Amino acid sequence: MLHFELVTPEKLVRSEEVYMVVVPGTEGDFGVLEGHAPFMSTVRDGSVQVYRTQNGTSETIAIRGGFAEVNAKGLTILAERAGE
């Protein structure tokens, strides 16, 4: 499972183990699974799609701007705003 955190300047919005997350990157949407190669990307206004299981439906979380980092610990999105 992929460790996923969604953080805003005000609070930690999410911290959970999920199957996959699709992020609205400024260069296009990208999906992150467990074991993804490390990288960083800026994030555009849009929706993060969180899949808890491989064949499950996604949960959508609206975000505004920020950065995404994938590393050995998982995926962290630092968003200007989330959940609005």
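Since the structure is predicted, the reported quantities are computational estimates derived from the model, not experimental observations.
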message: Would Thr26 and Val43 count as a side chain to side chain contact (heavy atoms under 4.5 Å, CB included) here? Give the steps.
response: CA-CA 5 Å; Thr26 53; Val43 176; 5.9 Å; no
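- In this structure, the separation between NE2 on His3 and CD on Glu17 is 6.0 Å, given to the nearest 0.5 Å.
- Under the salt bridge (charged side-chain N to carboxylate O under 4.0 Å, His left out) criterion, the residue pairs touching residues 22-31 are Asp29-Arg44, with sequence neighbours excluded.
- The shortest non-hydrogen separation linking Gly25 to Ser41 is CA-OG, 4.1 Å.
- For Glu34, there are no side chain to side chain donor-acceptor pair (under 3.5 Å) partners two or more places apart in sequence or in a different chain.
- Under the side chain to side chain contact (heavy atoms under 4.5 Å, CB included) criterion, Phe67 pairs with Thr42, not counting sequence neighbours.
- Between the OG1 atom of Thr76 and the CD atom of Glu5 there is a distance of 5.0 Å, given to the nearest 0.5 Å.
- With sequence neighbours excluded, the residues satisfying side chain to side chain contact (heavy atoms under 4.5 Å, CB included) with Asp45 are Arg64.
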Stepwise side chain to side chain contact (heavy atoms under 4.5 Å, CB included) check, Ile77 with Val7: CA-CA 6 Å; Ile77 298 175; Val7 182; over 6 Å; no
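- In terms of heavy atoms, Ser47 sits closest to Pro24 at O-CD, 3.6 Å.
- Between Pro9 and Ala79, the closest heavy-atom pair is CD-O, 3.3 Å.
- Grouped with Val22 in one hydrophobic cluster are Tyr19, Met20, Leu33, Tyr51, the linkage being side-chain heavy-atom contacts under 4.5 Å among Ile, Leu, Val, Met, Phe, Trp and Tyr residues.
- Residues satisfying the side chain to side chain donor-acceptor pair (under 3.5 Å) criterion with Glu59, sequence neighbours excluded, are Arg14, Arg52.
- Nearest heavy-atom pair, Leu75 versus Leu2, reported as atom, atom and distance to 0.1 Å: N-CD1, 4.0 Å.
- Under a hydrophobic clustering in which Ile, Leu, Val, Met, Phe, Trp and Tyr are joined whenever their side-chain heavy atoms come within less than 4.5 Å, directly or via other members, Val48 and Phe39 fall into the same cluster.
- With sequence neighbours left out, the side chain to side chain contact (heavy atoms under 4.5 Å, CB included) criterion links Thr8 to Glu10, Lys11, Val13, Ala82.
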